[in-house]
Asks: 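Next up is a structure, given as C-alpha coordinates.
Keep in mind that the numbers below use all heavy atoms, side chains included, and drop hydrogens, waters and symmetry copies.
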Amino acid sequence: MTRKLLKATRLLARTALFAASLLTIPSAQAQQPAGIARTDLQRHDLSAPGREAVQVRVDIAPRKAFGQHTHPGEEIIYVLAGTLEYDVEGKPPATLKAGDVLFIPAGTIHAAKNVGDVTASELATYIVEKDKPLLTLVE
(Lines give C-alpha, C1' and ligand atoms only; values in the text may rest on other atoms or scores of the structure.)
Protein backbone atom coordinates (compact mmCIF):
# COMPACT_ATOMS: atom_id res chain seq x y z
CA MET A 1 0.00 0.00 0.00
CA THR A 2 2.90 2.39 0.68
CA ARG A 3 4.15 1.98 -2.89
CA LYS A 4 0.70 2.95 -4.28
CA LEU A 5 0.55 5.98 -2.00
CA LEU A 6 4.04 7.10 -3.11
CA LYS A 7 3.09 6.67 -6.78
CA ALA A 8 -0.12 8.67 -6.30
CA THR A 9 1.76 11.43 -4.47
CA ARG A 10 4.32 11.69 -7.27
CA LEU A 11 1.58 11.82 -9.90
CA LEU A 12 -0.26 14.54 -7.98
CA ALA A 13 2.96 16.58 -7.61
CA ARG A 14 3.72 16.31 -11.35
CA THR A 15 0.18 17.34 -12.23
CA ALA A 16 0.37 20.36 -9.89
CA LEU A 17 3.72 21.47 -11.39
CA PHE A 18 2.38 21.11 -14.92
CA ALA A 19 -0.77 23.10 -14.09
CA ALA A 20 1.30 25.84 -12.40
CA SER A 21 3.56 26.14 -15.45
CA LEU A 22 0.53 26.57 -17.71
CA LEU A 23 -0.72 29.40 -15.51
CA THR A 24 2.61 31.26 -15.43
CA ILE A 25 3.46 31.09 -19.15
CA PRO A 26 0.69 33.48 -20.30
CA SER A 27 1.51 36.03 -17.57
CA ALA A 28 5.20 36.02 -18.49
CA GLN A 29 4.35 36.47 -22.16
CA ALA A 30 1.87 39.22 -21.34
CA GLN A 31 4.71 41.29 -19.85
CA GLN A 32 6.53 41.31 -23.20
CA PRO A 33 5.31 43.72 -25.88
CA ALA A 34 4.14 41.95 -29.04
CA GLY A 35 7.04 41.29 -31.38
CA ILE A 36 9.69 41.55 -28.62
CA ALA A 37 11.46 38.48 -27.20
CA ARG A 38 13.93 38.79 -24.31
CA THR A 39 16.07 35.76 -23.49
CA ASP A 40 18.06 35.83 -20.25
CA LEU A 41 21.52 34.41 -20.97
CA GLN A 42 23.44 34.84 -17.72
CA ARG A 43 23.50 36.71 -14.40
CA HIS A 44 26.50 36.94 -12.06
CA ASP A 45 27.49 38.88 -8.95
CA LEU A 46 30.38 41.30 -9.46
CA SER A 47 33.28 42.06 -7.16
CA ALA A 48 31.75 45.53 -6.60
CA PRO A 49 29.37 45.14 -3.63
CA GLY A 50 25.67 45.24 -4.54
CA ARG A 51 26.28 45.04 -8.31
CA GLU A 52 25.65 42.30 -10.85
CA ALA A 53 26.18 41.70 -14.56
CA VAL A 54 23.23 40.50 -16.62
CA GLN A 55 23.26 39.50 -20.29
CA VAL A 56 20.08 39.34 -22.33
CA ARG A 57 19.40 38.67 -26.00
CA VAL A 58 16.63 40.90 -27.32
CA ASP A 59 14.90 40.06 -30.62
CA ILE A 60 12.63 42.71 -32.15
CA ALA A 61 10.32 41.91 -35.07
CA PRO A 62 10.31 44.22 -38.11
CA ARG A 63 8.74 47.65 -37.43
CA LYS A 64 8.20 46.86 -33.74
CA ALA A 65 9.44 49.07 -30.91
CA PHE A 66 10.36 48.72 -27.26
CA GLY A 67 9.07 51.86 -25.54
CA GLN A 68 10.83 54.27 -23.24
CA HIS A 69 12.45 52.67 -20.21
CA THR A 70 15.41 52.88 -17.81
CA HIS A 71 17.77 50.49 -16.03
CA PRO A 72 19.31 50.72 -12.52
CA GLY A 73 22.79 50.73 -14.04
CA GLU A 74 24.67 50.89 -17.32
CA GLU A 75 23.61 49.08 -20.49
CA ILE A 76 26.10 48.04 -23.16
CA ILE A 77 24.50 47.05 -26.46
CA TYR A 78 25.99 45.01 -29.31
CA VAL A 79 23.74 44.69 -32.37
CA LEU A 80 23.78 41.09 -33.59
CA ALA A 81 21.49 41.39 -36.63
CA GLY A 82 19.22 43.82 -38.44
CA THR A 83 18.88 47.58 -38.08
CA LEU A 84 17.78 49.24 -34.84
CA GLU A 85 17.09 52.88 -34.10
CA TYR A 86 17.83 53.98 -30.55
CA ASP A 87 16.33 57.09 -29.02
CA VAL A 88 18.49 57.98 -26.00
CA GLU A 89 17.52 60.95 -23.84
CA GLY A 90 19.66 63.99 -24.59
CA LYS A 91 21.06 62.61 -27.86
CA PRO A 92 19.86 62.54 -31.48
CA PRO A 93 18.39 59.18 -32.63
CA ALA A 94 21.09 56.67 -33.61
CA THR A 95 20.64 53.96 -36.24
CA LEU A 96 22.82 50.90 -35.63
CA LYS A 97 23.42 47.79 -37.74
CA ALA A 98 24.96 44.40 -36.99
CA GLY A 99 28.38 44.88 -35.39
CA ASP A 100 27.63 48.35 -33.99
CA VAL A 101 27.71 49.14 -30.26
CA LEU A 102 26.02 51.62 -27.94
CA PHE A 103 26.57 52.63 -24.30
CA ILE A 104 23.61 53.87 -22.24
CA PRO A 105 24.40 55.48 -18.84
CA ALA A 106 22.54 54.40 -15.70
CA GLY A 107 19.01 55.76 -15.34
CA THR A 108 18.93 57.26 -18.85
CA ILE A 109 15.54 57.09 -20.58
CA HIS A 110 15.80 55.30 -23.91
CA ALA A 111 13.80 53.31 -26.48
CA ALA A 112 14.57 51.04 -29.44
CA LYS A 113 12.80 50.37 -32.72
CA ASN A 114 13.47 47.87 -35.48
CA VAL A 115 13.53 50.05 -38.61
CA GLY A 116 14.38 47.15 -40.94
CA ASP A 117 12.45 44.43 -42.73
CA VAL A 118 13.94 41.48 -40.81
CA THR A 119 14.03 40.57 -37.12
CA ALA A 120 16.75 42.58 -35.39
CA SER A 121 18.71 41.22 -32.43
CA GLU A 122 20.93 42.75 -29.80
CA LEU A 123 23.06 41.46 -26.97
CA ALA A 124 22.39 43.70 -23.98
CA THR A 125 24.86 43.59 -21.09
CA TYR A 126 23.75 45.35 -17.92
CA ILE A 127 25.95 46.35 -14.99
CA VAL A 128 23.24 47.05 -12.44
CA GLU A 129 22.30 47.28 -8.80
CA LYS A 130 21.18 43.93 -7.38
CA ASP A 131 17.66 43.39 -6.13
CA LYS A 132 16.18 46.17 -8.29
CA PRO A 133 13.97 45.62 -11.32
CA LEU A 134 16.20 45.28 -14.39
CA LEU A 135 13.84 47.42 -16.45
CA THR A 136 11.39 50.18 -15.53
CA LEU A 137 8.95 51.44 -18.16
CA VAL A 138 8.56 55.23 -18.48
CA GLU A 139 5.11 56.64 -19.18
Asks: Atom OH of Tyr126 and atom CD1 of Ile77: how far apart are they, to the nearest 0.5 Å?
Replies: 7.0 Å

Asks: Does the side chain of Val101 come within less than 4.5 Å of Ile76's, by heavy atoms?
Replies: no

Asks: Would you call Glu52-Arg43 a salt bridge at under 4.0 Å N-O?
Replies: yes

Asks: Between Arg51 and Asp45, is there a side-chain N and carboxylate O pair less than 4.0 Å apart?
Replies: no

Asks: Taking the side chain as every heavy atom from C-beta outward, state whether Phe66 and Leu137 have any pair of such atoms under 4.5 Å apart.
Replies: yes

Asks: If we only count heavy atoms from C-beta on, is the Leu135 to His71 side-chain gap below 4.5 Å?
Replies: yes

Asks: Using side-chain heavy atoms (C-beta onward) and a distance below 4.5 Å, is Leu41 in contact with Val56?
Replies: no

Asks: Under 4.5 Å between any side-chain heavy atoms of Arg63 and Val115, yes or no?
Replies: yes

Asks: Where do Ala34 and Lys64 come nearest, in terms of heavy atoms and distance?
Replies: O-CD, 3.7 Å

Asks: Let me confirm one number: the CD1-CG distance from Ile127 to Leu46, rounded to the nearest 0.5 Å.
Replies: 5.5 Å

Asks: So, using side-chain contact (heavy atoms from CB on, under 4.5 Å) as the criterion, who are the partners of Asp87 when residues are at least two apart?
Replies: none

Asks: Quick one: pull up CG in Asp100 and CG in Leu80 and give me the separation to the nearest 0.5 Å.
Replies: 11.5 Å

Asks: Do Glu122 and Leu84 come close enough that some side-chain heavy atom pair is under 4.5 Å?
Replies: yes

Asks: What I want to check is whether the side chains of His44 and Gln55 have a donor and an acceptor closer together than 3.5 Å.
Replies: no

Asks: Do His110 and Glu75 pass the side-chain contact (heavy atoms from CB on, under 4.5 Å) test, and can you show the C-alpha distance, the side-chain angles, and the key distance before you say yes or no?
Replies: CA-CA 11 Å; His110 60 286; Glu75 179 179 12; 2.9 Å; yes

Asks: Assess, by modelled atom type and distance only, whether the side chains of Asp59 and Thr119 contain a donor and an acceptor separated by less than 3.5 Å.
Replies: no

Asks: Which heavy atom in Pro62 sits nearest to a heavy atom in Gly116, and how many Å separate them?
Replies: CB-O, 3.6 Å

Asks: Can you list the steps and then say if Lys130 with Val54 is a side-chain contact (heavy atoms from CB on, under 4.5 Å)?
Replies: CA-CA 10 Å; Lys130 287 184 67 154; Val54 180; over 6 Å; no

Asks: Might you point out which heavy atoms bring Gly82 and Val79 nearest each other, and give the distance in Å?
Replies: O-CG1, 4.0 Å

Asks: Any donor-acceptor pair under 3.5 Å linking the side-chain atoms of Thr108 with those of Glu89?
Replies: no

Asks: Can Val88 and Phe103 be said to form a side-chain contact (heavy atoms from CB on, under 4.5 Å), step by step?
Replies: CA-CA 10 Å; Val88 179; Phe103 178 83; over 6 Å; no

Asks: Search all heavy atoms of Ala106 against all heavy atoms of Glu74 and return the closest pair with its distance.
Replies: CB-OE2, 3.8 Å

Asks: For residues Gly107 and Thr70, report the shortest heavy-atom separation together with the two atoms involved.
Replies: O-CG2, 3.6 Å

Asks: Just wondering, do Ile36 and Val58 contact through their side chains at under 4.5 Å, heavy atoms?
Replies: yes

Asks: So, do Asp40 and Arg57 sit near enough that their side-chain heavy atoms are less than 4.5 Å apart?
Replies: no

Asks: Could you work out, with side-chain hydrogen bond (donor to acceptor under 3.5 Å, both in side chains) as the rule, every residue matching Lys132, not counting sequence neighbours?
Replies: Glu129

Asks: Give the intermediate values and the outcome of side-chain contact (heavy atoms from CB on, under 4.5 Å) for residues Leu102 and Ile104.
Replies: CA-CA 7 Å; Leu102 180 66; Ile104 300 174; 4.1 Å; yes

